[in-house]
Structure formats: structure tokens, C-alpha cells
Amino acid sequence: ILAAIAAFLVARLIFFPAAFKPVELSAREEQALQIKLDRLDFAAPAANPDAAAEPEAYSEADADRTIRFTEKEINALLAKNTDWADKLAIDFSENLISAKLLVPLDEDFPVLGGKTLRVKAGATFRYEDGRPALLLRGVSVMGVPLPNAWLGGLKNIDVIGEFGGDAGFWKSFADGIEALRVAEGRVELTLKE
């Protein structure tokens, strides 16, 4: 009986994981996030959608080129603006961005149809030698780390360094970054002029 109960609980945890609880900010945290979003012109639609936009001259004078977000703010934005709130959670730690994702599988999917797949991934994201570096640390599915061969051999390879030498997305991305810092619970990105 104990073995049957244990097997049931393990199967329940593996195949039917509970949804994540969406992050909610306090009033003070909400206000701090709104100030950051306003600075990025990431405002919610105006109260009067028929109002005309105010014309203004473009200027970069005294522009702050640093973007700062906390882990809690990023997860709260996910909770507010997407249907990923109960399926995706982002974590920032020293030079590491991690994600936990719940992927509901279609009923027609072989063997695991109708179940929820748990996926975890991590990537090192840091600034070294005057350039950003992005290295895939790994991907786990249902708690089992996937082999490097299944990840296209990209595990622990600096994607920006490897693919950023020639013209293209990674080179342009790297050339636009002045500084980058991922620390416990926060990320800070400074863009070049």
C-alpha cells in the first residue's frame, strides 16, 4: 500500500505538476517598475485611445542608456502581459539566467499526451574581455539533463563569440552592449551610444 501511494505521488508530481503562482508586486514595487517602464516608453495604452500623440523633437541628450530590472519585476511583467504567468518563471543569479517552463502537451502527443512537460534551462550571461558572452549551461526535461549532442553541441559554448564574428544578429547585438551584469535577483544592461 505504501509503495502504491508513493508511486501515485511520484507520478502526480512528474506528470501533473502544479502551475506556478504568478508574481505580484507590492504597491511600492509596482510604482518602481512603472517608473522604469515609463522611461522605456513601455506605457500601457492611454486612458483615451482617441487622443492624438503629442509631437516632440527627438533628442538623446542626457539619455540614460542603462536598463535595470529585478527578477521579481520580470516575473511580474510575465504575469501581467502574457498567458505564461503560471507556466514560466525566470531566475537571475550570479552571471546566470535560469528558466523553468511548464509545457502542456496535446492529447494526441504519443505516450505523454495530455500531460505537462517540465523543462528547466540555464544560460551564463556575462561581460568579459569587452564583449558579452552567452553560454548555454544546459536543458533538463522532467529533471533529466539533455545530452550536449541533442542541444546541437552548444552546451558551454559562447554563442556570441562563436557566431558573432561575422555580420549578423549576434555581432550587432554584442557591438551594441557597453556593460552587462547579471547578479542575484537582478539584471543590468548598459547600451553603447
Side-chain angles (χ1 to χ4, degrees), residues 1-26 29-30 33-34 36-37 40 42-45 49 67 69-126 132-160 162-164 168-170 172-173 182 184-187 189:
I1 292 174
L2 288 176
I5 291 171
F8 170 76
L9 291 175
V10 168
R12 169 117 171 85
L13 289 172
I14 291 175
F15 295 116
F16 301 99
F20 301 140
K21 183 178 181 239
V23 173
E24 293 181 16
L25 299 176
S26 68
E29 292 170 328
E30 185 71 39
L33 176 59
Q34 193 56 51
K36 291 177 184 180
L37 294 176
L40 295 173
F42 190 79
I67 302 166
F69 284 107
T70 66
E71 171 184 302
K72 192 171 181 180
E73 290 169 338
I74 294 292
N75 286 305
L77 285 172
L78 286 170
K80 278 185 172 184
N81 297 316
T82 71
D83 61 348
W84 289 95
D86 58 347
K87 296 176 188 78
L88 177 64
I90 305 292
D91 178 76
F92 297 133
S93 54
E94 198 63 37
N95 294 327
L96 181 67
I97 298 175
S98 302
K100 290 193 316 187
L101 178 64
L102 299 177
V103 181
L105 298 175
D106 190 71
E107 291 288 336
D108 297 334
F109 194 84
V111 182
L112 298 174
K115 308 292 189 276
T116 301
L117 203 61
R118 290 179 301 135
V119 179
K120 293 181 182 178
T124 299
F125 201 28
R126 64 178 179 247
L134 176 64
L135 294 84
L136 178 64
R137 294 276 290 270
V139 176
S140 297
V141 176
M142 304 299 275
V144 179
L146 297 180
N148 190 27
W150 290 8
L151 300 172
L154 293 176
K155 198 171 180 180
N156 296 316
I157 291 181
D158 178 11
V159 177
I160 296 172
E162 188 76 19
F163 302 109
F169 171 77
W170 289 114
S172 298
F173 177 78
V182 179
E184 190 64 41
R186 63 188 172 87
V187 63
L189 178 69

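Source: prediction; values computed, not measured. When reading the values below, keep in mind they use all heavy atoms of this one structure, side chains included, and skip hydrogens, waters and symmetry mates.
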Asker: Going from CD1 on Ile90 to CD1 on Ile74, what distance comes out if it is rounded to the nearest 0.5 angstrom?
Answerer: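 Result: 8.0 Å between the selected atoms.
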Asker: Is there any side-chain hydrogen bond (donor to acceptor under 3.5 Å, both in side chains) pair reaching into residues 147-157, and which pairs are they, with sequence neighbours excluded?
Answerer: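 Of all non-adjacent pairs touching residues 147-157, none passes side-chain hydrogen bond (donor to acceptor under 3.5 Å, both in side chains).
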Asker: Looking at residues at least two apart in the chain, or sitting in another chain, which of them share a side-chain contact (heavy atoms from CB on, under 4.5 Å) with Leu2?
Answerer: none
Asker: How far apart are the closest heavy atoms of Ser140 and Pro145, and which atoms are they?
Answerer: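 Between these two residues, the closest heavy atoms are OG-CA, 3.6 Å.
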Asker: Applying salt bridge (Lys or Arg N to Asp or Glu O under 4.0 Å), name anything that partners Glu73, two or more places apart in sequence or on another chain.
Answerer: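 Here the qualifying residues are Lys36.
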Asker: With rounding to the nearest 0.5 angstrom, report the CG to CG distance, Leu136 to Leu146.
Answerer: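 That separation rounds to 9.5 Å.
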Asker: More than 12 heavy atoms of other residues, nucleotides or ligands under 6.0 Å from NZ of Lys120: yes or no?
Answerer: no
Asker: Given Val182 and Arg126, is the side-chain contact (heavy atoms from CB on, under 4.5 Å) satisfied, shown in steps?
Answerer: CA-CA 7 Å; Val182 179; Arg126 64 178 179 247; over 6 Å; no
Asker: Quick test of your reading: applying salt bridge (charged side-chain N to carboxylate O under 4.0 Å, His left out), list the pairs with at least one residue in residues 90-99, sequence neighbours left out, ordered by first then second residue.
Answerer: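 Sorted result for residues 90-99: Glu94-Arg181.
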Asker: Donor-acceptor pairs are to be reported for all side-chain atoms of residues 96-108 against protein atoms at under 3.5 Å, with residues two or more places apart or in another chain.
Answerer:
from   : atom 1 : to     : atom 2 : distance (Å)
Asp106 : OD2    : Asp108 : N      : 3.1

Asker: With sequence neighbours left out, write down each residue that passes salt bridge (Lys or Arg N to Asp or Glu O under 4.0 Å) with Arg186, or none if nothing qualifies.
Answerer: none
Asker: So how far is it from Leu151 CG to Arg137 CZ, rounded to the nearest 0.5 Å?
Answerer: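 Here the rounded value is 14.0 Å.
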Asker: In a check of side-chain contact (heavy atoms from CB on, under 4.5 Å) between Phe125 and each of Leu135, Ile160, Asn95, which one passes?
Answerer: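 Single pass found, and it is Ile160.
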Asker: Nearest 0.5 angstrom please: Thr124 OG1 to Asp158 CG, how far?
Answerer: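 Reported value, rounded in 0.5 Å steps: 10.0 Å.
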